[in-house]
Peer 1: 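To start, I am sharing the structure in question, which I have written as structure tokens.
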Number of protein chains: 2
Amino acid sequence: MAQNLSGDPLPSWNEGTNKQTIINFVESIIDPENPNYVAPFLRIATFDNDGTLWAEKPMYFQAAFALSRIRELAPQFPEWKEKQPFKAVLENDQKYLANITVNELLEIAMMTHAGTSQKEFEQEAKEFLNTAKHPRFNQLYKQVIYQPMLELLIYLQNNQFKTYICSGGGLDFIRLFSEEAYNIEPENVIGSNILKKYQIVSNYSQFIRQPQLIEPINDKAGKPVNIERFIGKKPILAVGNSDGDIEMMQYTVIDHQPSLALLLHHDDEIREYRYTKGTEKALELAKQYRWSVISMKQDFKQVFSFTP
Amino acid sequence: MAQNLSGDPLPSWNEGTNKQTIINFVESIIDPENPNYVAPFLRIATFDNDGTLWAEKPMYFQAAFALSRIRELAPQFPEWKEKQPFKAVLENDQKYLANITVNELLEIAMMTHAGTSQKEFEQEAKEFLNTAKHPRFNQLYKQVIYQPMLELLIYLQNNQFKTYICSGGGLDFIRLFSEEAYNIEPENVIGSNILKKYQIVSNYSQFIRQPQLIEPINDKAGKPVNIERFIGKKPILAVGNSDGDIEMMQYTVIDHQPSLALLLHHDDEIREYRYTKGTEKALELAKQYRWSVISMKQDFKQVFSFTP
């Protein structure tokens with residue numbers, strides 16, 4: 001993730017208004033002579049994960065992880081045959097799974113790991129992260145990340161931003177790859193979360209995963225609530241791609257200057273996917289508020305590191 | 001909070017085993033040649049607040065804050081006249097208040113600010129912090145902090161530790177003074193917490209405080225759970241003073257090397273207070289585990305900045 005500091009900080013971005021907006025923003029807030037200067041301790045940037053930093057189609061990767069686990073546990077839960085979203089998983093109902101909601105995903109995550117220790121969960125999830133491949137790109141999922149977004153993260157980090165993930169997905173799952181993939185440490189990951197119980201067993205400390213979600217789920221209005229809870233500062237930059245990111249982007253820019261909100265629009269069916277489902281409201285609001293809509297097709301010179 | 005880096009990093013500590021243990025620990029973990037070397041990103045230290053960084057007698061300062069608020073609101077809640085801990089507050093029952101529990105304190109904090117915006121809460125709490133004085137020392141409470149502990153914090157910060165508050169008290173209350181008092185930023189404060197609701201009113205974003213505590217309360221076994229939730233790393237140093245800190249200290253040192261746990265013992269009735277109530281179990285366990293018991297009487301050369 002090295003970067004030539006003296007050259008173009010965003011080489012995988014095409015020249016244009018959006019790239020220039022980002023660079024102008026960063027250059028103005030780091031310049032002590034500029035009226036928009038922001039001190040380093042207030043340089044907070046929050047990034048959604050699924051669909052913003054890595055691909056979320058054909059399904060959330062964490063849903064794919066749950067699949068294998070549901071199949072493993074199905075014999076113990078015969079009622080799953082008739083109950084969604086478990087039914088869809090067991091029947092491999094691709095249409096249902098493509099549109100699985102964050103709440104369903106979190107229910108699966110809770111049910112399939114309740115009562116296991118944090119260590120067991122981590123071992124399983126790591127194994128999955130180190131072996132499961134994206135069905136279309138045939139790469140480990142943690143490599144299916146958007147090269148321009150990675151450059152943006154590194155550009156911000158090099159300019160003393162604290163960069164955070166703020167994802168609807170599970171905190172513990174994301175922490176397992178965020179450092180390797182994004183150079184983002186565990187304490188800078190905000191995600192949906194379950195309650196854990198601390199205990200000592202044979203002179204080892206452990207956490208047992210409880211079947212109870214912590215409110216709020218880190219989606220929609222839950223994002224600003226958790227940003228306030230975990231950081232206690234307003235971001236000056238927020239990056240998202242869907243309706244689940246609206247409140248985070250709104251919170252970042254409303255009544256708050258200088259600030260910038262970026263909405264990644266998936267409009268490139270050749271190199272990635274084209275869809276607006278689940279982002280209709282965000283695209284509409286982007287016009288009303290001053291959000292920059294990043295077009296994958298227009299603004300990304302290169303989408304992934306593994307494609308030319 | 002300047003410090004002479006070339007000299008003694010802990011000038012308000014008396015020479016002795018405890019001071020030497022701390023300095024040896026820090027010097028070993030920052031030395032790349034030492035087998036106990038710890039990389040900067042793993043240099044996590046967690047400090048309890050009440051009774052560890054500042055005085056908790058004759059009562060928790062946050063309880064004192066709640067007092068004024070309860071009296072203000074009492075006409076609207078006639079049932080408080082018969083209900084503890086509200087009754088004790090309204091009757092100024094010093095004996096009851098001296099032993100108020102963390103749970104009671106949190107119930108007060110919830111009840112007396114439910115439905116108010118985060119901004120209103122902050123204004124009120126700031127006003128209190130800027131005016132209310134400690135009844136014995138006649139100083140603003142945020143000045144009744146232990147000078148040796150402040151030096152320890154700065155010493156660690158200067159050696160690339162990330163220093164966290166991990167308090168049973170309210171997250172939002174502590175954040176209002178942690179930066180000024182301890183050089184600890186809002187994102188490094190872990191405390192008990194209530195649910196908030198995000199909303200937009202007349203083009204301003206705001207958070208409304210809900211009468212619902214987030215589990216777990218940040219006390220006892222809740223401390224390691226929240227450390228894991230907020231940081232995702234084990235501390236290598238934990239500092240506490242009461243039974244509420246046992247699990248945090250245990251989590252820090254059990255099955256984890258190098259690590260250090262410090263338990264501050266209040267045994268100085270001349271310069272501060274002498275008490276063991278609420279710390280009996282911790283003092284007992286300190287012998288069993290390898291925790292250093294800091295004696296205020298023996299180890300602190302100077303207790304507060306305002307006393308000679």
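What you see is a predicted model; the values in this text were computed from it and never measured.
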Peer 1: Can you say whether A/Ile200 sits under 4.5 Å from chain B via the side chain, the backbone, both, or neither, judging by heavy atoms?
Peer 2: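 For A/Ile200, the contact with chain B is made by the side chain alone.
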Peer 1: Relative to chain B, which segment of A/Tyr164 carries a heavy atom at a distance below 4.5 Å: side chain, backbone, both, or neither?
Peer 2: side chain
Peer 1: If you tally heavy-atom pairs under 4.5 Å against chain B, which of A/Phe207, A/Tyr204, A/Phe41 wins?
Peer 2: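 If we count pairs closer than 4.5 Å to chain B, A/Phe207 comes out on top.
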Peer 1: Do B/Glu187 and A/Glu187 come close enough that some side-chain heavy atom pair is under 4.5 Å?
Peer 2: no
Peer 1: Nearest 0.5 Å, please: how far is CD in A/Gln250 from CG in B/Asn203?
Peer 2: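 CD of A/Gln250 is found 9.0 Å from CG of B/Asn203.
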Peer 1: Report the relative orientation of the aromatic rings in B/Phe230 and A/Phe230; use parallel for angles under 30°, tilted for 30 to 60°, perpendicular for over 60°.
Peer 2: parallel
Peer 1: First locate atom CD of B/Glu185, then atom CD1 of A/Ile231, and finally report the distance between them rounded to the nearest 0.5 Å.
Peer 2: 11.5 Å
Peer 1: Taking everything shown except B/Lys142 itself, do over 12 heavy atoms lie less than 6.0 Å from its NZ?
Peer 2: yes
Peer 1: Measure the spacing between CD of B/Glu228 and CG of A/Asp172 and express it to the nearest 0.5 Å.
Peer 2: 5.5 Å
Peer 1: Please round to the nearest 0.5 Å and tell me the distance separating atom CD1 of B/Ile214 and atom CD1 of A/Ile214.
Peer 2: 8.0 Å
Peer 1: Find out whether B/His256 and A/Ser205 are in side-chain contact, i.e. whether some heavy atom of one side chain is under 4.5 Å from a heavy atom of the other.
Peer 2: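 Not touching, per the 4.5 Å side-chain cut-off.
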Peer 1: Measure the CD-CG distance between B/Gln206 and A/Asp255 for me, rounded to the nearest 0.5 Å.
Peer 2: 10.5 Å
Peer 1: Examine whether an atom of A/Asn193 lies under 4.5 Å from a heavy atom of chain B, and if so say whether it belongs to the side chain, the backbone or both; otherwise answer neither.
Peer 2: side chain
Peer 1: Is there any residue in residues 215-225 of chain B with a non-hydrogen atom under 4.5 Å from a non-hydrogen atom of chain A, and which ones are they?
Peer 2: B/Glu215, B/Pro216, B/Ala221, B/Pro224, B/Val225
Peer 1: Most heavy-atom pairs under 4.5 angstrom with chain B, which of A/Arg229, A/Lys233, A/Glu247?
Peer 2: A/Arg229
